[in-house]
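Labels below follow one simple rule: chain letters A, B, ... track the order of the sequence lines, proteins then strands, and each chain is numbered from 1.
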There are 2 protein chains.
Amino acid sequence: MAVTIHHVARAAEVSVSTVSRAFTVPEMVHPQTRRKVLQVAEELGYQPNRAARGLVTGRTGNIGVVVPDVANPFFSAVLKGCAARAREARHVVFLADAAEDPRVEAEVVGAMAKQVDGIVLCSPREDSAQLDRLVGIAPLVLLNRADSGLPAVLMDSADGVRQAVEHLGALGHRRIAHLSGPASSWAGEHRLRGLRAAAPACDVEAVELGPFPPTFQGGIQATDLALARGVTAVLAFNDLMAIGVLNRLAARGVSVPEEMSVVGFDDIEMSSMTTQPLTTVRMPMEAAGRTAVDLLLDEQQPGPQLQRWLPTQLIVRSTTAPRMPVPVATR
Amino acid sequence: MAVTIHHVARAAEVSVSTVSRAFTVPEMVHPQTRRKVLQVAEELGYQPNRAARGLVTGRTGNIGVVVPDVANPFFSAVLKGCAARAREARHVVFLADAAEDPRVEAEVVGAMAKQVDGIVLCSPREDSAQLDRLVGIAPLVLLNRADSGLPAVLMDSADGVRQAVEHLGALGHRRIAHLSGPASSWAGEHRLRGLRAAAPACDVEAVELGPFPPTFQGGIQATDLALARGVTAVLAFNDLMAIGVLNRLAARGVSVPEEMSVVGFDDIEMSSMTTQPLTTVRMPMEAAGRTAVDLLLDEQQPGPQLQRWLPTQLIVRSTTAPRMPVPVATR
DNA sequence: ACAGTGTCTGAAACGGTTTGCAGAGTTGGT
DNA sequence: ACCAACTCTGCAAACCGTTTCAGACACTGT
């Protein structure tokens with residue numbers, strides 16, 4: 001059916017070993033033979049069977065990626081980064097959508113384990129103990145979480161919060177709401193630590209609300225609570241929530257940014273497409289995906305497990321303004 | 001390292017064949033033995049090695065999915081459907097992001113071929129000849145394209161256009177613009193055929209504009225052209241474009257839906273989150289992904305290759321209104 | 001004549017599973 | 001008591017396409 005190394009060998013009138021070497025150790029075969037083999041392989045459309053190669057080399061050339069939800073733009077961006085980097089390294093990616101279910105996460109790790117060289121776990125929802133149980137099944141890299149002494153790629157969202165709070169403080173806001181996401185997420189904790197450090201330093205009082213689901217609906221729900229607390233600015237857990245906030249504010253007749261400033265998180269594509277482009281903290285999602293794969297690929301010797309921190313960046317657009325704007329004369 | 005069938009066999013004090021059978025042909029092993037085996041397997045955390053199983057059965061339990069761009073919400077929704085259905089069938093999905101490049105598509109099909117039971121090609125960009133060359137490498141199912149006699153799952157966007165045109169016609173619009181997407185896409189052609197059939201039937205004149213990139217920017221670009229042609233409604237290739245149109249119309253001071261109606265396509269999540277929720281034709285993206293996997297799984301005998309058509313549905317929201325609205329008295 | 005080098009070949013892994021065949025044990029009919 | 005049929009289990013081969021080890025062969029230089 002499919003063309004194997006044997007077909008190529010027969011057609012090129014050499015042994016299978018020679019064909020194999022023509023691909024993997026070119027300098028061990030005569031240039032002329034090599035040329036011939038490569039040409040025949042090309043003609044026949046030969047592509048090495050990675051599974052069979054993995055059988056003897058122990059490396060499959062596949063890397064696994066587990067995300068809580070592919071349809072979430074945050075994760076699809078991460079995934080894109082993983083896929084791109086994997087391709088560059090001539091690897092293929094195994095995807096699993098865990099549907100936000102910790103048990104499914106553990107399960108798919110098991111299912112993929114033997115067919116991949118390593119697995120990237122994106123924002124895993126399971127607790128430390130469950131995570132520990134996964135260690136050893138396959139080389140693991142965490143993304144957006146630090147735990148179990150595993151290598152991880154992290155985004156410095158604490159610094160992102162600092163930038164956002166500083167920005168709002170400079171605009172004269174003295175009382176802002178922070179809408180937190182899922183209760184027990186590492187990213188959420190880290191974010192909150194950043195907030196608690198930054199707020200006093202910027203002479204800003206932070207009203208901590210939540211947890212809310214990190215969705216459009218979550219933002220809607222949170223908005224009324226924020227309004228009731230008399231804040232002049234809102235810091236949302238992510239852009240999806242921020243957009244929900246924007247919508248609810250419009251519905252309640254609160255003008256943005258005049259009466260209320262709104263800051264999101266992530267900088268998903270959508271955030272520059274809203275009628276009021278959103279001020280947000282850009283998370284390097286694609287870069288994080290790439291880095292995670294890098295870590296997996298490098299991870300030859302299990303030395304001291306390293307963490308890679310990626311910087312975040314406040315992107316100021318149209319949803320933040322001075323607390324008491326001076327009226328614009330012309331317009 | 002990893003726990004194999006042999007470990008389980010030793011621990012349960014049976015042979016490997018018995019363990020194997022306990023999983024795959026339960027009725028051939030004594031209930032008591034079976035229970036013991038299953039229990040030990042559970043304790044040891046045994047998970048069958050799918051690659052090894054595939055070695056002898058010829059089925060890997062993996063299915064491949066190739067998309068032009070994971071970060072595109074249309075495809076991430078399709079992907080989610082594929083992943084969900086695959087999981088139900090206890091399969092794992094291999095993902096390849098072709099980065100909109102036809103050559104990459106062909107390449108990854110080759111790379112995945114031996115490790116999967118079949119491949120779902122989503123909106124493949126390559127031409128028929130290239131596609132033909134892929135047939136036979138692995139079982140293929142096309143999504144959002146019909147070609148090369150391959151089984152395919154298709155969405156009836158022609159009927160979607162009909163619904164949209166009918167809707168606009170009923171609202172009194174007589175001259176509408178259609179903004180087409182990528183020039184040579186199957187979906188685009190199909191869409192256009194629907195338009196040309198529906199417009200006369202609804203007494204509507206359709207101004208065909210494009211092709212434009214199927215993005216936010218594409219929508220912005222298209223808007224000015226549409227305005228110059230004096231239409232009162234716009235039918236965009238997809239929601240991303242429609243949102244671009246909405247933005248540009250706002251920037252040009254054209255009020256929606258009073259002065260201009262806008263209809264999108266796909267019904268991505270974002271379209272209900274815009275400040276003006278978008279009227280759009282819902283494409284069953286997730287269902288399409290599921291169906292594609294179904295087709296692959298069923299495709300035991302290569303009988304007459306079938307196509308599965310999925311219905312589309314107009315979702316009327318806030319961006320369409322009568323051409324000459326009667327002023328609302330109260331409010 | 002022999003060691004050394006460059007190039008190639010044959011055949012043995014690689015690995016965890018499934019499965020054909022045979023054998024052990026049990027039941028039931030004569 | 002004996003044979004047949006049946007149920008359950010174990011042994012070992014086969015599965016796949018590749019890599020790689022050990023060696024063969026033909027040269028060259030000494």
Residue closer to the 5' end of DNA chain C, A:Ser17 versus A:Met28 (nearest nucleotide): A:Met28

Side-chain (A:Gln130) to main-chain (A:Asp127) donor-acceptor, under 3.5 angstrom: yes

Polar side chain donor-acceptor pair, B:Ser17 to B:Ser20, under 3.5 angstrom: no

Donor-acceptor pair, side chain of A:Asp117 and main chain of A:Thr60, under 3.5 angstrom: yes

Salt bridge present between B:Glu107 and A:Arg87 (N-O < 4.0 angstrom): yes

Salt bridge (Lys or Arg N to Asp or Glu O under 4.0 Å) contacts in which one or both residues fall within residues 143-155 of chain A, not counting sequence neighbours: A:Arg145-A:Asp147

Atom-to-atom span, CD of A:Glu13 to P of C:dT9 - whole angstrom: 10 Å

Length of the CZ-P vector between A:Arg10 and C:dT9, whole Å: 14 Å

Point-to-point distance, once rounded to the nearest 0.5 Å, from CD1 of B:Ile137 to CD of A:Gln47: 7.0 Å

Value in whole Å for how far the C1' atom of C:dC8 lies from CD of A:Gln32: 14 Å

Stepwise side chain to side chain contact (heavy atoms under 4.5 Å, CB included) test for A:Leu79 and B:Leu95: CA-CA 10 Å; A:Leu79 187 54; B:Leu95 169 71; 3.7 Å; yes

Among D:dG10, D:dC8, D:dT19, the nucleotide that comes nearest once only the side chain of B:Thr18 is considered: D:dG10

Rounded distance in Å - CZ (B:Arg34) to C1' (D:dT9): 16 Å

Heavy atoms of other groups near B:Glu13 CD, more than 12 under 6.0 Å: no

Detail all sub-3.5 Å separations between protein N/O atoms and N/O atoms belonging to nucleotides 12-17 of chain C.
from   : atom 1 : to      : atom 2 : distance (Å)
C:dG16 : N2     : B:Ala52 : O      : 3.3
C:dT17 : OP1    : B:Tyr46 : OH     : 2.6
C:dT17 : OP1    : B:Asn49 : N      : 3.1
C:dT17 : OP2    : B:Ile5  : N      : 2.4

Distance, nearest 0.5 Å, that separates CG of A:Leu142 from OG of A:Ser148: 7.0 Å

Atom-pair distance (CZ on A:Arg59; P on D:dT20), nearest Å: 13 Å

All pairs passing salt bridge (Lys or Arg N to Asp or Glu O under 4.0 Å) where residues 31-58 of chain B contributes a residue, at least two apart: none

Nearest-Å distance for atom pair NZ/P, residues A:Lys36 and C:dC8: 12 Å

All salt bridge (charged side-chain N to carboxylate O under 4.0 Å, His left out) counterparts of A:Asp97, not counting sequence neighbours: B:Lys80

Protein-nucleic acid N or O pairs under 3.5 Å, nucleotides 22-29 of chain D:
none

Nearest-angstrom distance from the residue atom CZ of A:Phe23 to C1' of D:dT18: 12 Å

End-to-end axis angle, where each axis spans five pairs of the helix from C:dA1-D:dT30 to C:dT30-D:dA1, to 10°: 60°

